[in-house]
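The figures here come from the full heavy-atom set of this structure, side chains too, leaving out hydrogens, waters and symmetry mates.
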Amino acid sequence: MLFITGPLYSGKRTFAQKFNGTKRFEVQELAADAVDLQALAEELAAYDVVTAAEVGGGVVPVEAAQRAAREKAGRLACLLAERADCVVQMFCGLPTVLKGDLPTC
């Protein structure tokens, strides 16, 4: 699995479209309602390409539920990175490989 992460609107989806296989975008949104993050990570690891926005930077939300959702999204990203064959961080449309080698397009 290729896991692509980075800030909102950093080019993750455009970059992901270059690769073949099944894709799942913006999975950080699934974390908030997940009862079992390990099970969710296993389910998502079956896709060929998965993207998630980094949510840990910026202003800390006032509401406890929003802070908890961010925490779960960050933990999910860690679980996905652990399972991924390749991890890419996107920033300003530029990919940086953090783990493994990029698959062929």
Are [X] and [Y] packed together at the side-chain level, in the sense that at least one heavy-atom pair is separated by less than 4.5 angstrom?
{"X": "F91", "Y": "E54", "value": "no"}
{"X": "D48", "Y": "N20", "value": "no"}
{"X": "V60", "Y": "R67", "value": "yes"}

### Query
Are E26 and R13 close enough for a salt bridge, meaning some N to O gap below 4.0 Å?
no

### Query
Looking at R75 and E71, does any basic side-chain N land under 4.0 Å from a carboxylate oxygen?
yes

Just by modelled atom types, is the [Y] backbone N or O under 3.5 Å from a matching donor or acceptor in the [X] side chain?
{"X": "Q89", "Y": "T5", "value": "no"}
{"X": "S10", "Y": "C92", "value": "no"}
{"X": "K12", "Y": "G93", "value": "no"}
{"X": "K23", "Y": "Y47", "value": "no"}

### Task
Check step by step if side-chain contact (heavy atoms from CB on, under 4.5 Å) holds for E42 and R83.
CA-CA 8 Å; E42 284 298 319; R83 288 164 174 74; 2.6 Å; yes

### Task
Verify side-chain contact (heavy atoms from CB on, under 4.5 Å) between V49 and T22, making sure each step is shown before the conclusion.
CA-CA 6 Å; V49 181; T22 57; over 6 Å; no

### Task
Kindly determine whether F3 and V88 satisfy side-chain contact (heavy atoms from CB on, under 4.5 Å), including the steps that lead there.
CA-CA 6 Å; F3 178 52; V88 174; over 6 Å; no

When rounded to the nearest 0.5 angstrom, what is the spacing between [atom1] in [X] and [atom2] in [Y]?
{"X": "F15", "Y": "L94", "atom1": "CZ", "atom2": "CG", "result": "10.5 Å"}
{"X": "L79", "Y": "L44", "atom1": "CG", "atom2": "CG", "result": "10.0 Å"}
{"X": "E43", "Y": "R24", "atom1": "CD", "atom2": "CZ", "result": "7.0 Å"}
{"X": "I4", "Y": "L102", "atom1": "CD1", "atom2": "CG", "result": "8.5 Å"}

Closest heavy-atom contact between [X] and [Y]?
{"X": "K72", "Y": "A31", "result": "CE-O, 3.2 Å"}
{"X": "K99", "Y": "A81", "result": "NZ-O, 2.8 Å"}
{"X": "M90", "Y": "G11", "result": "CE-O, 3.6 Å"}
{"X": "V87", "Y": "A84", "result": "CG2-CB, 3.8 Å"}
{"X": "V55", "Y": "G74", "result": "CG2-N, 4.5 Å"}

### Task
Group every Ile, Leu, Val, Met, Phe, Trp and Tyr by side-chain heavy-atom contacts under 4.5 Å, then state whether V50 and F19 land in the same group.
no

### Message
Check for me, please, whether L37 and V27 land in the same ILVMFWY cluster - side-chain distances under 4.5 Å, paths through other members count.
### Response
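The answer is yes; both residues are in one hydrophobic cluster.
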
### Query
Just wondering, are more than 12 heavy atoms of other shown residues or ligands nearer than 6.0 Å to CG in D101?
no

### Task
Please test L80 against M1 for side-chain contact (heavy atoms from CB on, under 4.5 Å), starting from the C-alpha separation and ending with a verdict.
CA-CA 9 Å; L80 290 170; M1 183 248 301; 4.1 Å; yes

